[in-house]
Undergrad: 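One structure coming up, written as structure tokens, with questions to follow.
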Number of protein chains: 2
Amino acid sequence: MAVPSVADRVAAELRLQLAEGLLLPGARLTESTISEELGVSRNTVREAFAELAAERLVVRHPNRGVFVASLGPGDIHDVYTVRRFIEVSALRGGGSPERVAAVRAAVEEGRAAAAADDEEALGTANQHFHGAIVALAESRRLNTIMGQVLAEMRLFFHKATVDAHFYRGYLDDNEAICEALEAGQLERAADLLLAYLNRSEQKQSAVHGD
Amino acid sequence: MAVPSVADRVAAELRLQLAEGLLLPGARLTESTISEELGVSRNTVREAFAELAAERLVVRHPNRGVFVASLGPGDIHDVYTVRRFIEVSALRGGGSPERVAAVRAAVEEGRAAAAADDEEALGTANQHFHGAIVALAESRRLNTIMGQVLAEMRLFFHKATVDAHFYRGYLDDNEAICEALEAGQLERAADLLLAYLNRSEQKQSAVHGD
DNA sequence: AATCCTCGGATTGTTCAACAATTCCTAGAT
DNA sequence: ATCTAGGAATTGTTGAACAATCCGAGGATT
């Protein structure tokens with residue numbers, strides 16, 4: 001029951017292609033093309049665009065069309081500001097044992113990916129880790145906000161992952177943060193996470209525009 | 001230039017009616033009615049609905065229609081959780097003199113409204129106050145998130161404002177928080193705000209369902 | 001009387017076709 | 001080289017149509 005609407009499925013398909021890196025930032029999405037490509041009406045594509053635009057994955061230029069969102073230096077800082085606010089607060093608040101276990105699971109997922117030399121899996125494991133931190137707060141709204149932010153970041157992380165060992169250095173950070181969390185040293189964990197985010201932002205803005 | 005699209009104008013009109021309390025939570029919005037009422041196509045109304053649904057002002061029940069969002073007890077707690085995370089972090093981070101001045105301005109706006117016995121204005125002044133706190137962070141994304149949260153709250157605050165002096169008690173809280181901020185006592189300001197939010201949540205969940 | 005069933009009526013989900021408005025590109029004129 | 005005028009292409013919006021789904025009102029059954 002409760003089959004997702006066609007518009008939702010189109011949006012999901014586009015989200016997938018965006019995450020996959022098939023559609024690069026700045027690329028144009030023409031309604032008619034997608035319409036016939038997916039075998040749906042132009043109007044339905046339009047509704048899907050509205051969804052994606054609300055999630056900031058796509059930008060609408062009136063009368064010009066929709067384009068894959070491309071984040072400038074200002075946006076990168078902005079995204080990290082949101083992450084600092086939400087993730088650090090969540091970590092400082094701690095969480096139930098199950099939620100803490102989920103954080104630990106994400107760390108192990110990262111280790112496994114590193115052992116298998118799977119950079120792709122390493123990246124998603126890292127995102128799971130930060131998602132699990134926000135999930136500590138048990139807030140539906142914060143979870144969706146974080147989900148959108150992570151989706152936004154996937155958009156321009158593709159450039160970064162060219163550097164094979166990009167996420168490698170984060171493994172120990174995650175481990176340390178997780179240990180502090182498990183030990184109940186919330187302030188310390190929060191400080192570690194904050195430092196991590198600051199470093200990550202610097203790296204990112206170094207890779208991208210100035 | 002850059003005339004907003006018709007769909008945007010419809011969405012804006014509905015947003016207005018929602019904030020105004022003309023459309024109460026749970027009310028149904030039929031496409032055809034709004035369509036002829038505003039003299040636009042049903043398809044356009046549909047796009048407007050997509051916008052509002054993304055802002056959580058409205059919920060879509062598949063094949064049943066869209067309804068004005070109504071927040072249950074869990075949602076109230078959730079909204080306050082988001083506010084605690086974002087507002088407190090923003091306050092703790094301080095801001096530029098101009099942004100601090102904006103917070104002060106919101107406090108004075110509240111005082112003026114109280115002097116004029118205008119409960120309506122008092123409510124919006126209070127929202128300006130909290131908006132100004134988030135604005136300290138100078139983050140576009142945090143501002144829009146906060147805007148959506150405040151819009152969500154306006155939806156069910158109408159019940160509360162029946163009590164004529166509901167916001168009255170907040171005036172001194174805001175004053176104290178603002179003074180601490182101006183004095184650079186950020187931790188103290190953050191503590192005050194946190195206490196305020198906790199009290200406010202209790203009041204709200206007392207007024208609404210258990 | 002209460003429950004179940006069926007059948008219309010109404011509304012949503014989706015498509016299609018059309019047209020105005022706008023942008024972009026190109027070719028020609030100055 | 002710059003400017004202007006067309007013209008093609010795309011978006012924005014409308015209107016109508018139809019299938020799918022939901023809801024309520026009676027009727028039949030126990």
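Letters go in sequence order (proteins before strands), and every chain restarts at 1.
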Undergrad: May I ask you to check whether A:H130 and A:Y196 place their ring centers less than 6.0 Å from one another?
TA: yes
Undergrad: Using whole Å, report how far CG of B:N43 lies from P of C:dA17.
TA: 15 Å
Undergrad: Produce a footprint string for nucleotides 18-23 of chain C: one letter per nucleotide, 5' end first; B if the base is under 4.0 Å from any protein heavy atom, S if only the sugar-phosphate is, - if neither.
TA: B---SS
Undergrad: With DNA chain C as reference, determine whether A:T44 or B:L29 sits nearer its 5' end, using the nearest nucleotide of each.
TA: B:L29
Undergrad: Separation of A:E36 atom CD from C:dA17 atom C1', in whole Å?
TA: 16 Å
Undergrad: Assess the side chains of A:R84 and A:N198: does a donor N or O sit below 3.5 Å from an acceptor N or O?
TA: yes
Undergrad: I want to verify a distance call: between C:dT11, D:dT13, C:dT14, whose nearest atom is closest to the B:R28 side chain?
TA: C:dT11
Undergrad: Output the distance between atom OG (B:S200) and atom CZ (B:R83), rounded to the nearest 0.5 Å.
TA: 6.0 Å
Undergrad: Between atom CZ in B:F67 and atom C1' in D:dC23, what is the gap in whole Å?
TA: 11 Å
Undergrad: Heavy-atom nearest nucleotide on DNA chain D for B:V45 versus A:G65: which residue maps closer to 5'?
TA: A:G65
Undergrad: Can you tell me which nucleotide in D:dT10, C:dT14, D:dT14 comes closest to the side chain of A:T30?
TA: D:dT10
Undergrad: Atom CD1 in A:I86, atom CD1 in B:I145: separation rounded to 0.5 Å?
TA: 5.5 Å
Undergrad: Taking atom C1' of D:dT13 as reference, at what distance in whole Å does atom CG of B:D8 sit?
TA: 13 Å
Undergrad: Please report the closest heavy-atom contact between B:L181 and B:G94, naming both atoms and the distance.
TA: CD1-CA, 4.5 Å
Undergrad: Quickly work out the B:E31 CD to C:dA10 C1' distance and round it to whole Å.
TA: 12 Å
Undergrad: For residues B:L71 and B:V79, report the shortest heavy-atom separation together with the two atoms involved.
TA: CD2-CG2, 4.1 Å
Undergrad: Could you tell me how far apart A:R46 (CZ) and D:dT14 (C1') are, to the nearest whole angstrom?
TA: 12 Å
